[in-house]
Amino acid sequence: MEPVVRTGALPTLVDGLIEHLAARLSADPGQRLVLGVTGAPGSGKSTLVAGLGQRLTERGLLAGTVPMDGFHLSNAVLDELGRHGRKGAPDTFDVAGYLSVLDRLRAPGTPEVMAPVYRRDLHEPVAAGTRVLGTGVVLTEGNYLALEEHGWAAVRERLDLLICLEVDSEELVRRLVERHIRFGRRRAAAAHWVRTVDMPNAELVARYAHRCDELWRPLP
């Protein structure tokens with residue numbers, strides 16, 4: 001089944017999503033709904049999830065946020081495996097650990113779940129950096145939530161709703177280069193990383209967009 005395509009201003013898309021989630025929770029107030037947001041690097045996933053989290057908190061509907069990036073392998077492990085030069089690729093994450101946390105989120109009678117987060121200033125994951133408490137919506141975002149390779153296929157089964165953000169490739173490149181520069185890379189090194197790591201990952205994400213429930217194309 002192909003995803004529902006939604007085009008419009010991002011605030012309008014978010015308004016509709018909030019009302020949809022509120023209605024589902026109203027029908028079963030004791031549940032946790034796990035909402036996934038995926039898309040290419042630089043597509044705006046983190047920004048969308050931060051905004052959603054604020055809106056859901058205002059409505060008393062947010063249980064917590066569990067970012068996929070928290071399950072990055074450490075730099076030491078990446079060095080040991082010889083994968084540091086491809087950090088951010090699908091096989092540089094603890095997928096089993098991510099699945100375990102998603103299972104705990106969905107298990108009845110689990111009032112609190114701790115999860116790691118990724119610190120971009122440290123370039124490392126940090127254990128127990130976020131927590132999910134009580135019922136409501138759990139937000140999770142990352143590049144590979146719809147993937148079928150490297151053990152990722154099981155993630156999709158654990159999400160109640162999966163949204164994919166789609167952004168023009170030229171805009172992605174611009175955003176990514178500037179992001180890498182902000183976090184310490186020189187422009188030439190940033191452009192090389194975007195070309196050799198980020199954009200191939202973006203193409204991989206696009207290949208599996210059909211596994212999502214909704215495809216969002218926000219207007220500028």
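- Screening residues 19-70 for ring pair (Phe, Tyr, Trp, His ring centres under 6.0 Å) gives no qualifying pairs among residues at least two apart or on separate chains.
- Residues meeting the ring pair (Phe, Tyr, Trp, His ring centres under 6.0 Å) test with Tyr118, sequence neighbours left out: His72.
- Of the possible polar contacts, one joining the Thr92 side chain to the Gly88 backbone as a donor-acceptor pair under 3.5 Å is found.
- Leu204 and Leu176 are members of different hydrophobic clusters when ILVMFWY side chains are connected at heavy-atom separations under 4.5 Å.
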All N/O donor-acceptor pairs, side-chain side in residues 163-172, below 3.5 Å, sequence neighbours left out:
from: Glu166; atom 1: OE2; to: Arg217; atom 2: NE; distance (Å): 2.7
from: Asp168; atom 1: OD2; to: Glu170; atom 2: N; distance (Å): 3.1
from: Glu171; atom 1: OE1; to: Arg174; atom 2: NE; distance (Å): 3.2
from: Glu171; atom 1: OE2; to: Arg174; atom 2: NH2; distance (Å): 2.7
from: Glu171; atom 1: OE2; to: Arg175; atom 2: NE; distance (Å): 2.9

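- There is no path of hydrophobic side-chain contacts, each under 4.5 Å, that joins Leu162 to Leu25.
- Put simply, the side chain of Ser100 never gets that close to the backbone of Ala96: no donor and acceptor are under 3.5 Å apart.
- Partners of Arg6 according to the side-chain contact (heavy atoms from CB on, under 4.5 Å) rule, which considers only residues two or more places apart in sequence or in another chain, are Val4, Leu13, Glu214, Trp216.
- Qualifying side-chain contact (heavy atoms from CB on, under 4.5 Å) partners for Pro3, counting only residues two or more places apart in sequence or in other chains: Leu215.
- In terms of the side-chain contact (heavy atoms from CB on, under 4.5 Å) criterion, residue partners of Arg195 (sequence neighbours excluded) are, by chain and number, His192.
- Scored by the side-chain hydrogen bond (donor to acceptor under 3.5 Å, both in side chains) test, Gln31 finds no partners at all (sequence neighbours excluded).
- Listed by first and then second residue, the salt bridge (Lys or Arg N to Asp or Glu O under 4.0 Å) pairs involving residues 16-31 are Glu19-Arg59 (not counting sequence neighbours).
- The ring pair (Phe, Tyr, Trp, His ring centres under 6.0 Å) analysis of residues 119-178, with sequence neighbours excluded, yields the pairs Phe93-Tyr144, Phe93-Trp152, Tyr144-Trp152.
- Residues Leu33 and Leu161 are members of one and the same hydrophobic cluster, defined by side-chain heavy-atom contacts under 4.5 angstrom among Ile, Leu, Val, Met, Phe, Trp and Tyr.
- Both Met68 and Val34 belong to a single network of hydrophobic side chains, linked directly or stepwise wherever heavy atoms of I, L, V, M, F, W or Y lie under 4.5 Å apart.
- Residues forming a side-chain contact (heavy atoms from CB on, under 4.5 Å) with Val113 (at least two apart in sequence, or on another chain): Arg32, Val101, Arg104, Leu105, Thr110, Val132.
- The pair Arg187-Glu178 meets the salt-bridge criterion, with a side-chain N (NZ, NE, NH1 or NH2) lying under 4.0 Å from an Asp/Glu carboxylate O.
- Residue Val138 is grouped with residue Leu159 when hydrophobic side chains (ILVMFWY) are merged at heavy-atom distances under 4.5 angstrom, including chains of intermediate members.
- For residues 107-129, the pairs satisfying salt bridge (Lys or Arg N to Asp or Glu O under 4.0 Å) are Asp69-Arg120, Glu112-Arg131, Arg119-Asp121, with sequence neighbours left out.
- Residues satisfying the ring pair (Phe, Tyr, Trp, His ring centres under 6.0 Å) test with Phe71, not counting sequence neighbours, are Tyr98.
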